[in-house]
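Report on the following structure.
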Amino acid sequence: MDDGWILKCTPEQLESAAGEWQREIGVLANRLEKMQDIIRQTAGYWCGSGGESYRKGMSVKITAADECAGAGRQYSGRLLQIAGIYHIAEAENTEKAGSLTKNILR
């Protein structure tokens, strides 16, 4: 089905986007780790079922956020994979075009 969308980007743009994505995921992972440390430290002063309930609830939320970060890491890997495919296709096309005897196709 042709819905009229054409994606135009270079392999370099994909690689750049993947790098930026990886940096942002790294920042997110670092912040989540800091949050987890702060939450663990509450055990030193917030005792009882209220503290345990809070820590357990936050742990679930942080685990969910970690899973999202993991999916983000996969996304950047896929962008790099697509860029690699583009590089290979461009190299093959350049090689094939170089083997043509004329510059004009009819």
Side-chain angles (χ1 to χ4, degrees):
M1 181 172 95
D2 181 16
D3 58 3
W5 286 88
I6 298 174
L7 176 64
K8 294 182 181 181
C9 64
T10 65
E12 293 77 17
Q13 289 171 319
L14 288 173
E15 290 166 347
S16 175
E20 185 176 333
W21 191 259
Q22 286 173 336
R23 281 188 297 281
E24 292 296 326
I25 292 296
V27 168
L28 174 63
N30 187 23
R31 289 180 180 169
L32 288 172
E33 185 61 36
K34 286 180 182 178
M35 283 177 55
Q36 189 116 16
D37 288 343
I38 291 168
I39 292 165
R40 279 188 207 111
Q41 291 172 4
T42 65
Y45 58 85
W46 191 1
C47 301
S49 62
E52 286 301 316
S53 176
Y54 172 78
R55 285 186 287 279
K56 191 174 200 174
M58 289 303 293
S59 177
V60 168
K61 290 178 182 179
I62 288 176
T63 299
D66 275 337
E67 289 173 5
C68 289
R73 284 186 204 92
Q74 289 178 356
Y75 178 73
S76 64
R78 289 180 185 141
L79 287 176
L80 290 173
Q81 189 177 24
I82 293 167
I85 292 168
Y86 279 8
H87 278 299
I88 291 168
E90 285 182 349
E92 289 174 356
N93 288 337
T94 301
E95 183 182 326
K96 288 177 183 176
S99 67
L100 294 175
T101 56
K102 293 183 178 182
N103 292 342
I104 300 173
L105 297 177
R106 295 176 191 236

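Each residue takes its place number in the sequence, starting with 1. The model shown is predicted, which means the values in this text are computed figures rather than measured ones. Computation of the quantities below employed the complete heavy-atom set of this structure, encompassing side-chain atoms and omitting hydrogens, waters and symmetry-equivalent molecules.
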Between Pro11 and Ala83 the two heavy atoms that sit nearest each other are O-CB, 3.7 Å

Does a sphere of radius 6.0 Å around CZ in Arg31 hold more than 12 heavy atoms from other residues, nucleotides or ligands, not counting ones at 6.0 Å or beyond?
-> no

- Is it true that Ile25 and Ile82 fall in one hydrophobic cluster, defined by side-chain heavy atoms closer than 4.5 Å? yes

Only residue of Glu52, Lys56, Met58 satisfying side-chain contact (heavy atoms from CB on, under 4.5 Å) with Tyr54 is Met58

Checklist entry - Are Glu15 and Leu80 side-chain neighbours, meaning at least one heavy-atom pair lies under 4.5 Å? => result yes

Please check: side-chain N/O of Ser59 versus main-chain N/O of Arg55, any donor-acceptor pairing under 3.5 Å? no

Practice item. Show your reasoning for whether side chain to side chain contact (heavy atoms under 4.5 Å, CB included) applies to Met35 and Lys61. Key: CA-CA 11 Å; Met35 283 177 55; Lys61 290 178 182 179; over 6 Å; no

Rounding to 0.5 Å, atoms CH2 (Trp21) and CG (Leu28) come to a distance of 9.5 Å

CZ of Arg40 to CD1 of Ile38, rounded to nearest 0.5 Å, is 11.0 Å

Is the shortest distance from a Lys or Arg side-chain nitrogen in Asp37 or Lys34 to a carboxylate oxygen in the other one below 4.0 Å?
no

The reported gap from CD in Gln36 to OG1 in Thr63 (rounded to nearest 0.5 angstrom) is 6.5 Å

| Do Ile62 and Trp46 belong together in a cluster built from hydrophobic side chains that touch within less than 4.5 Å? | yes

Tell me, with the steps shown, if Leu14 and Cys9 meet side chain to side chain contact (heavy atoms under 4.5 Å, CB included). CA-CA 7 Å; Leu14 288 173; Cys9 64; 3.9 Å; yes

Handout entry: Glu20, CD: over 12 other non-hydrogen atoms inside 6.0 angstrom
Key = no

When rounded to the nearest 0.5 Å, the distance separating CD of Gln81 from CG of Leu79 is 10.0 Å

Nearest heavy-atom approach of Ala18 to Ser76 is CB-O, 3.5 Å

